[in-house]
Structures are given as structure tokens and as C-alpha cells.
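Okay, so here's the structure we're looking at.
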Amino acid sequence: MIQLLEKKYPSAKTELMFNTPFQLLVATILSAQTTDRTVNKITPALFERYKTPYDFVKADIEELKNAIRGANYYNTKAKNIKKLAEIIVERYSGQIPETTEELVKLPGVARKTANVVLSQGFGKAEGIVVDTHVKRLAERLGMSKAKTPEKIEQDLMKIIPREKWISFPFTLILHGRRVCKAKNPLCDICILNSLCPYGDKSKCQIS
DNA sequence: CTCCCGATAT
DNA sequence: ATATCAGGAG
């Protein structure tokens, strides 16, 4: 099924807009519980106003909140981004760290965000991105019975070849958005229907 | 397990 | 007006 997904979504990657790894980090934090499209509406002006990590350090918190208003939880995210910028300037000389271990220490950054930044910003396959789509599809496709993103990631790392770790989750994300939706999945047009344990059940459930 | 708490589609 | 979208911290 990896091959089928790759064939259907040949260039699967993040849809977030960015020019530097730091911008990707900020964009990914903003994308928590927020669609990529909404984030992409915010970031051009944001990155024009704040060009370097140090610009975020100097930022007035209210002005920063206003600049990212539109992203869900912008209050918390503004504080996290400012704090994170301080850490990057003070502890990392303005360059964001390139390991999961270091990234998840930053405020507002857990494994999902760290994996997006490492894989999409640096081409590093330290782990597998597990967002709500990957979580749902992994369960439906029978790839993991685990409940937490951390456990699901571990399960996927065992069954997905490492050279696919970067692209594979993004094929699931695209498929999850377009076909294998949370509500009313389009099983009748799904290319994975014949080998999906969930598909057979849902075909009987959908009116 | 609770809080955070906007945008877009229907 | 309501449903759907879709992570992290305490």
C-alpha cells in the first residue's frame, strides 16, 4: 500500500510556505490545530515583519499576537514563538537545532512539529510525522492499534522502510484530507479499499 | 483529562 | 447556525 500511495501522491510534502528552517519551525508551530492554508495566509506578512530569530526576540508580544491572529490559539503560540526565539538566539547562536531531542525541548514543539522540521527542512529521517491524519489512517489501515502519537510513530517506524519516512506520512495526510476523511470517508473511490480492513466495515455503514 | 479558542465550508 | 479542520502544555 506504500507503493499505491506513492504512485497517487508522488511529491507528497508539507504545504507550509517557508524559506528557512527557522521559518518552517515557526509555521509548523502555527499549524497546530490550524490548517496549512490559514497558516500560509499569515506567514508572508509575518516573515516580512520579523526576518530573523532575533527580530522575534525583540518583538512586542501584543504586536506578535496580532501578527499571528487567525491561527488558532494565537495567544499561546505568540508566547511560545517569542520564548523559542530567545532560546535559539541565546543557546543555539540563531541556528535551530537539527535533532529531535533538542527540538522537543523548545516551547510549543513536540514530536510532530520536530519531525516536520527535520524531514521537510533538513531532509533528515529521525522519525515519522504523526498528525491527526496519520493517526487515523494508521489505525484504519491496520498499521497500528496504538492510541498515542508516540506509540503510533514507533509502530510505523517498524513497518515503513527508512527511506520512506520523510514522504510516507505526507501521502497519508493528502489521502486523509481528500479521501480517507474523518467523517464520511470516500471508501468507494479509495485506491486502498481492497486491502483496507476498515473499508469493508464502512461500506456497510455508509448510507 | 482540561485548557487554549479562529477560519472555512455547508 | 453548525460542523469540520486538526497539537501541545500543564
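Below, chains carry the letters A, B, ... as their sequence lines are ordered, and counting in each starts from 1. Computed from heavy atoms alone, side chains included, the values below leave out hydrogens, waters and symmetry copies.
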Atom pairs, N/O to N/O, protein against nucleotides 5-8 of chain B, distance under 3.5 Å?
residue	atom	partner	partner atom	Å
B:dC5	OP1	A:Asn75	ND2	3.4
B:dT8	OP1	A:Lys41	NZ	3.0

*Over how many whole Å does the gap from A:Glu153 atom CD to C:dG8 atom P extend?*
11 Å
*Could you measure between the two C1' atoms, the one in B:dC4 and the one in C:dC5, and give it in whole Å?*
16 Å
*Nearest-Å distance for atom pair CZ/C1', residues A:Arg177 and C:dT4*: 14 Å
*Whole-Å distance between C:dA6 C1' and A:Leu174 CG?*
15 Å
_Without decimals, in angstroms, what is the distance between A:Asp131 CG and C:dC5 P?_
12 Å
_Whole-angstrom distance between B:dT10 and C:dA6, as gauged at atom P_ = 14 Å
*Interatomic distance where NZ belongs to A:Lys147 and C1' belongs to B:dC1 [whole Å]*: 16 Å
*When all nucleic acid strands are considered with a 4.0 Å heavy-atom cut-off, which category describes A:Lys77: base, sugar-phosphate, or nothing?*
nothing
*asked:* Between C1' on C:dG8 and NZ on A:Lys135, what's the gap in Å once rounded to a whole number?
replied: 14 Å
*May I have all residue pairs that pass salt bridge (Lys or Arg N to Asp or Glu O under 4.0 Å) and include part of residues 115-128 of chain A, sequence neighbours excluded?*
A:Glu98-A:Lys124
*Examine A:Phe56 together with A:Phe22 and report whether their ring centres are nearer than 6.0 Å.*
yes
*Side-chain contact, heavy-atom cut-off 4.5 Å: A:His175 with A:Thr171?*
no
*Starting at the 5' end of DNA chain C and moving along, which residue's nearest nucleotide shows up first, A:Ala182 or A:Val104?*
A:Ala182
*asked:* In this structure, how many angstroms lie between the C1' atom of C:dA3 and the NZ atom of A:Lys181, rounded?
replied: 12 Å
*Please determine if A:Arg37 and A:Glu15 form a salt bridge, counting it only when a charged side-chain N lies under 4.0 Å from a carboxylate O.*
no
*Is A:Lys8 close to A:Val179 at the side-chain level, that is, under 4.5 Å between some pair of heavy atoms?*
yes
*Would you mind telling me which of A:Lys135, A:Lys158, A:Arg111 makes a side-chain hydrogen bond (donor to acceptor under 3.5 Å, both in side chains) with A:Glu153?*
A:Arg111
_Classify A:Leu106 by what it touches in the nucleic acid, base, sugar-phosphate, or nothing, heavy-atom distance under 4.0 Å._
sugar-phosphate
*How would you list all residue pairs meeting side-chain hydrogen bond (donor to acceptor under 3.5 Å, both in side chains) that involve residues 77-86 of chain A, not counting sequence neighbours?*
A:Thr34-A:Lys77
*Taking atom P in both C:dT4 and B:dC5, what distance in whole Å separates the two?*
23 Å
_Whole angstrom value for the distance that separates P of C:dA9 from NZ of A:Lys105_ = 14 Å
